[in-house]
Amino acid sequence: MRQVTVTEHLLVHQRESDMATGRFTRLLNEIILSAKLISRDVTKAGLLNILGKTGEVNIQGEEVRKMDDYANRVLIHRLERAGVLCAMASEENADLIEIPETFPVGDYFLAFDPLDGSANIDANVSIGTIFGIYRRKGGTGRSVTLGEVLQRGAEQVAAGYVIYGSSTMLVYTAGNGVNGFTLDPSVGEFLLSHPNIRIPEEGRIYSVNEGYWDFWDEATQEAVQYFKSPNNHNGKVYSMRYIGSLVSDFHRNLLYGGIFLYPRDNRDPKKKHGKLRYLVEAAPMAMIAEQAGGMAIDGHRRILDIEPQEIHERVPLIVGSKNEVLKVQEIYARHAEAAR
Ligand code: AFP
């Protein structure tokens, strides 16, 4: 069987779209090369003495792990030189990352989480890099304002993730379906392994951190109870699967069908909209889910319709198979109606 590399796939599809300038391909290629470098080091993390924490705390108030820091630096180093970006936003940086004077600027804006789920690194659990790509919506030149780059997730021109698991995979969409590529380490290429991924319309898995049950509102409790109940619409309890690494939980549900929830809770006023960040987690996953035939909401609204106001804005995320997400939306709507 002829094997298609991600670059070949990109070149073929680039011809079919308005991204035929080659700049988008350049951007994706830099992300892919960064992912290979990160993958190489993630798989050798224990040997390289890079496990553990740096001792610093990031903008989210979380301890920075050495691999987070390394992955962040790899992505910034490669992408600031690419000549296709006007700015970047990383989960690890408080502000927009500007392109240094020495490199040319372009009109794409990249938002990324360099190593999501990194609390799991030391235990060798799958983690990932998530990204969303937008076009600058105004302004020219080197100085970029937030207003020029912060946009609804629906404006993403592409979104994807790389999962560093038992194999390394790139899953991405440029707005015409979702494709998955597995890294063949012997040739150093991502090869098309999962063409045109479709999420099953209905699944058998629910994924949520149920330890927070007491901090949820009644709508969320009812929704989660629904999946645990043998009296739900298909008369079978769902299996609970929760890794605590969004890329891994999302990827499994994308392939097998199911629903992932990170709802709002009342543990911490700073996290009253849940924990996940709109730009680098919710919006990219929402685009992939929709492109694969699934859905993503914050309980009521479509994730892709939300207009973020800040780089590190958080949002509740309920994403996955259509039937399960619709069920949760219906429960939230009923509770909202009763509260009126
Ligand atoms: P870390 O990157 O700090 O490990 O956080 C991962 C994450 O943002 C996301 O990948 C998980 O789905 C979520 O947090 C898990 O959070 P809880 O531990 O609160 O369930």
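Order of listing sets the numbers, starting from 1, for every ligand and every atom in it. Remember, it's a predicted structure, so these values are computed and weren't measured experimentally.
- The N/O atoms of Asn120, backbone and side chain alike, include none that comes under 3.5 Å of an N/O atom in ligand 1.
- Checking only distances, Asp249 never comes within under 3.5 Å of ligand 1, N or O to N or O.
- Not a single heavy atom of Glu91 sits closer than 4.0 Å to an atom of ligand 1.
- Within the structure, the closest approach of Leu276 to ligand 1 falls below 4.0 Å when heavy atoms are considered.
- Between His312 and Tyr278, a ring centre-to-centre spacing not shorter than 6.0 Å is recorded.
- The ring pair (Phe, Tyr, Trp, His ring centres under 6.0 Å) check on His77 picks up nothing, with sequence neighbours excluded.
- Residue-to-ligand polar distances keep Leu115 apart from ligand 1: every N/O pair is separated by 3.5 Å or more.
- Of the N or O atoms in Lys275, one or more lie within a sub-3.5 Å distance of an N or O in ligand 1.
- A cation-pi arrangement is not found for Arg204 relative to Tyr256, the charged atom failing to lie both closer than 6.0 Å to the ring centre and inside a 45° cone about the ring normal.
- Tyr226 carries Lys327 over the face of its six-membered ring, with the cationic atom under 6.0 Å from the centre and within 45° of the normal.
- The aromatic rings of Tyr172 and Phe181 sit parallel, their planes meeting at an angle under 30°, below the 60° perpendicular limit.
- Ring geometry, Phe227 versus Tyr206: the interplanar angle falls under 30°, so the pair is classed parallel (tilted spans 30 to 60°).
- Within the listing of ligand 1, atoms 9 (C), 10 (O), 11 (C), 12 (O) sit less than 4.0 angstrom from a heavy atom of Leu246.
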